[in-house]
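Everything below concerns the one structure shown next.
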Amino acid sequence: MSATPDPRLEAESVTVRTLAGFDETVRVLGSKSYTNRYLAIASLSGQETVIDNALLSDDTVYLSRAIEAFGHVTCDIDHDTARIRVTPTGRPMRAPGEDIFVGGAGTPLRFLISMAGHAEGTTVITGNARMQERPMGDLLKALPALGVDATAVRGNGSPPIRVVGGSFKGGATSISGAVSSQFTSSLIINALRAETDTEITISDELVSKPYVEMTLAALNEVGVRVDRDGYRRFTVPAGQQARGGQVTVEPDASGMSYFLVAAAILGSRVVIPGIGAGSHQGDVHLVEALERMGCRTEVGDDSITVTGGPLHGIDIDMEAMPDVVPSLAVAAAYAEGTTRITNIASLRVKECDRIAAVTTELRKMGIEVEEHQDAMYITGGTPHGATIDTYDDHRIAMTFAIAGLRTEGVVIKDPGCVAKSFPTFWKTLDTLHPDLESTK
Ligand SMILES: O=C(O)C1=C[C@@H](OP(=O)(O)O)[C@@H](O)[C@H](O)C1
Ligand SMILES: C=C(OP(=O)(O)O)C(=O)O
């Protein structure tokens, strides 16, 4: 994929061209979640670390720049090789003089709140308008027991967040896991640099559990042990040294979902190399949902294949794979019967209220959707073209672009918002159109 800028990232809208079908191998970029984790771990380890196949997107670049602002490391980004090199500078971690701004990057902001607890001085971390509405309260409540004073500047539990640092000592705390797993991941990762053992008790039910598994897997890969009692308690023993060196990021399972759904709704075949049965990314399990809807699927050690066919509705609890709910919703719009997607309340506090957004935009295309506080019931039909509002949400843009491969007249507004997690999305979509081959 060429590194030349894609004019669609600056365009007001994109009209998606329909496609009769395809049989392609599609390479997706590295995982956003793993790239964020390796960056955070490298920032804390004090060891030079090379992250290969890193996702280079708005979110991960924001995190790289934010980490550098503490002064203790540099993050050199090589766009040609998709590599980030994190190098210690020998200087201590200090609060930057200016506010840290991370746009709409939720995971980075949540990781940075705890990380600022290690930096001498007071750090203020903020983001764009939507980010200033997203919840941080559970994390703010859990940090004082570990020695860190973190408060919402406006007293509303959302950014800007002010952190008085140099104080992340460790100890025992308890945290709610009901709103976001990112709070728990943030504490576990940052416990790496604590003076004493850190014990984190989850006071209720943890959502999005696979993301905590990814946190543990990333730490394990660099030699850090986390003891656990299921999803009730995690203990990070003090005095561990994360290894530096080289790590490789696997492809992004959420980014993969768009191409799986494209195959599903077009009766086509797609192969995604570099990811398979051993992945801890929960979104890989979208494959099983598509199989239940009527696709043929193959999950190998190092590739995933989906072949579409006539689709039918299913009932599915998607609490463990929130980011691919919009993707499955689009498959449901082309399926016979009703798909009931349940246990997805966390979608209301993502880049936009994704339950409301998917409901509104599918209805625009003539699809019947029953909206619930924590669920969506979608009855498949024959969607018609529409101009899709994307709410500055990359997943809404990418999901509805896939509908446009099957349905004439789908226009995606603000196509540049895909840069949050998948800046080459439109170019990757081009590769499915055989007549565009010469411009690849
Ligand atoms: O830890 C992570 O990398 C993520 C956790 C999930 O958030 P929640 O735990 O808030 O559901 C997911 O939606 C997000 O895109 C990435
Ligand atoms: C919810 C998402 O990201 P974050 O919470 O990191 O902003 C996402 O990428 O779908």
Side-chain angles (χ1 to χ4, degrees), residues 29-41 55 57-63 66 102-114 127-128 130-139 158-159 175-190 202 205-219 231 249-250 252-258 280-283 286 318-327 343-355 357-358 374 390-399 417-423 425:
L29 301 179
S31 154
K32 180 191 80 152
S33 292
Y34 273 122
T35 304
N36 285 333
R37 281 160 177 70
Y38 289 134
L39 276 169
I41 293 168
L55 174 67
S57 73
D58 286 356
D59 280 20
T60 58
V61 172
Y62 274 126
L63 182 56
V102 296
T107 314
L109 196 142
R110 285 153 172 169
F111 288 3
L112 286 162
I113 291 174
S114 306
N128 64 18
R130 174 61 176 170
M131 200 68 243
Q132 293 187 33
E133 295 173 352
R134 292 184 70 187
M136 305 293 147
D138 295 331
L139 182 57
S158 290
I175 188 163
S176 167
V179 170
S180 171
S181 69
Q182 294 171 7
F183 306 142
T184 299
S185 288
S186 174
L187 294 179
I188 294 175
I189 291 170
N190 284 284
I202 312 297
E205 202 43 44
L206 179 66
V207 296
S208 303
K209 293 184 182 68
Y211 289 98
V212 171
E213 296 299 340
M214 292 168 71
T215 298
L216 302 182
L219 285 166
Y231 292 103
V249 178
E250 64 181 36
D252 190 277
S254 324
M256 165 178 86
S257 76
Y258 308 108
H280 292 288
Q281 296 183 67
D283 287 356
L286 177 71
M318 293 191 79
E319 182 265 320
M321 39 175 158
D323 291 358
V324 291
V325 169
S327 316
N343 211 0
I344 52 169
S346 75
L347 265 76
R348 298 231 180 244
V349 292
K350 303 281 186 197
E351 284 82 329
C352 73
D353 176 343
R354 287 184 178 155
I355 297 182
V358 170
D374 64 348
T390 52
Y391 312 87
D392 198 18
D393 187 336
H394 55 145
R395 303 216 183 279
I396 301 298
M398 295 189 280
T399 295
C417 67
V418 303
K420 184 177 195 281
S421 69
F422 202 157
F425 174 77

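Read the numbers this way: they start at 1 and go in the same order the structure lists the ligands and their atoms. Residue numbers start at 1 and run along the sequence shown. Keep in mind that what you see is a predicted model, and the values were worked out from it rather than measured.
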Requested in this report: Run the numbers for me: atoms of ligand 1, each under 4.0 Å from some heavy atom of S180, listed by number.
Outcome: 8 (P), 9 (O), 10 (O)
Query raised in the report: Closest non-hydrogen protein atom to atom 10 (O) of ligand 2, residue and atom name please, with distance?
Result: R395 NE, 2.6 Å
Query - Sole candidate of M398, R395, K32 that passes side chain to side chain contact (heavy atoms under 4.5 Å, CB included) when paired with S254 - result: R395
Report summary line: ligand 2 to G104, heavy atom cutoff 4.0 Å, flagged ligand atoms 7 (O)
Report task. Say whether N36 and ligand 1 are in contact under the criterion: heavy-atom distance to a ligand atom below 4.0 Å. Result -> no
Query raised in the report: R130: heavy atom below 4.0 Å from ligand 2, yes or no?
Result: no
Query - T107 neighbourhood, listing ligand 1 atoms whose heavy-atom distance to it stays under 4.0 Å - result: 1 (O), 2 (C), 3 (O), 4 (C), 16 (C)
Query raised in the report: Is the shortest N/O to N/O distance between K32 and ligand 1 below 3.5 Å?
Result: yes
Query - Derivation and outcome, side chain to side chain contact (heavy atoms under 4.5 Å, CB included), residues L29 and L55 - result: CA-CA 6 Å; L29 301 179; L55 174 67; 3.7 Å; yes
Query - Protein contact to atom 3 (O) of ligand 2 [nearest heavy atom, distance to 0.1 Å] - result: K32 NZ, 2.7 Å
**Report entry** Closest approach of any protein heavy atom to atom 9 (O) of ligand 1, naming residue and atom
**Finding:** S181 OG, 2.5 Å
Query raised in the report: Does S421 have a heavy atom less than 4.0 Å from any atom of ligand 2?
Result: no
Requested in this report: Look at atom 2 (C) of ligand 2 and find which of K420, Q182, R110, E351 reaches it with the closest heavy atom.
Outcome: E351
**Report entry** Proximity flag H394 to ligand 2, non-hydrogen atoms under 4.0 Å
**Finding:** yes
Requested in this report: Output yes when the distance from some N or O of ligand 1 to some N or O of K350 is under 3.5 Å, and no in every other case.
Outcome: yes
Query raised in the report: Which residue supplies the protein heavy atom nearest to atom 5 (O) of ligand 2, what is that atom called, and how far is it?
Result: R134 NH2, 2.8 Å
Report task. Assess whether side chain to side chain contact (heavy atoms under 4.5 Å, CB included) is satisfied between R37 and F111, documenting all intermediate values. Result -> CA-CA 9 Å; R37 281 160 177 70; F111 288 3; 4.0 Å; yes
Report task. May I ask you to decide whether D392 forms a salt bridge with R130, counting only side-chain N to carboxylate O separations under 4.0 Å? Result -> no
Report summary line: At under 4.0 Å between heavy atoms, what of S208 touches ligand 1? The answer is side chain
**Report entry** Per-atom contacts, ligand 2 versus K350 - under 4.0 Å to a heavy atom
**Finding:** 1 (C)
Query raised in the report: Does an N or O anywhere in T107 fall below 3.5 Å from an N or O of ligand 2?
Result: yes
Query raised in the report: Any N or O of P108 that comes nearer than 3.5 Å to an N or O of ligand 2?
Result: no
Query raised in the report: For ligand 1, is there an N or O atom under 3.5 Å from any N or O atom of R37?
Result: yes
Query raised in the report: Among T215, V207, D323, whose heavy atom sits nearest atom 12 (C) of ligand 1?
Result: D323
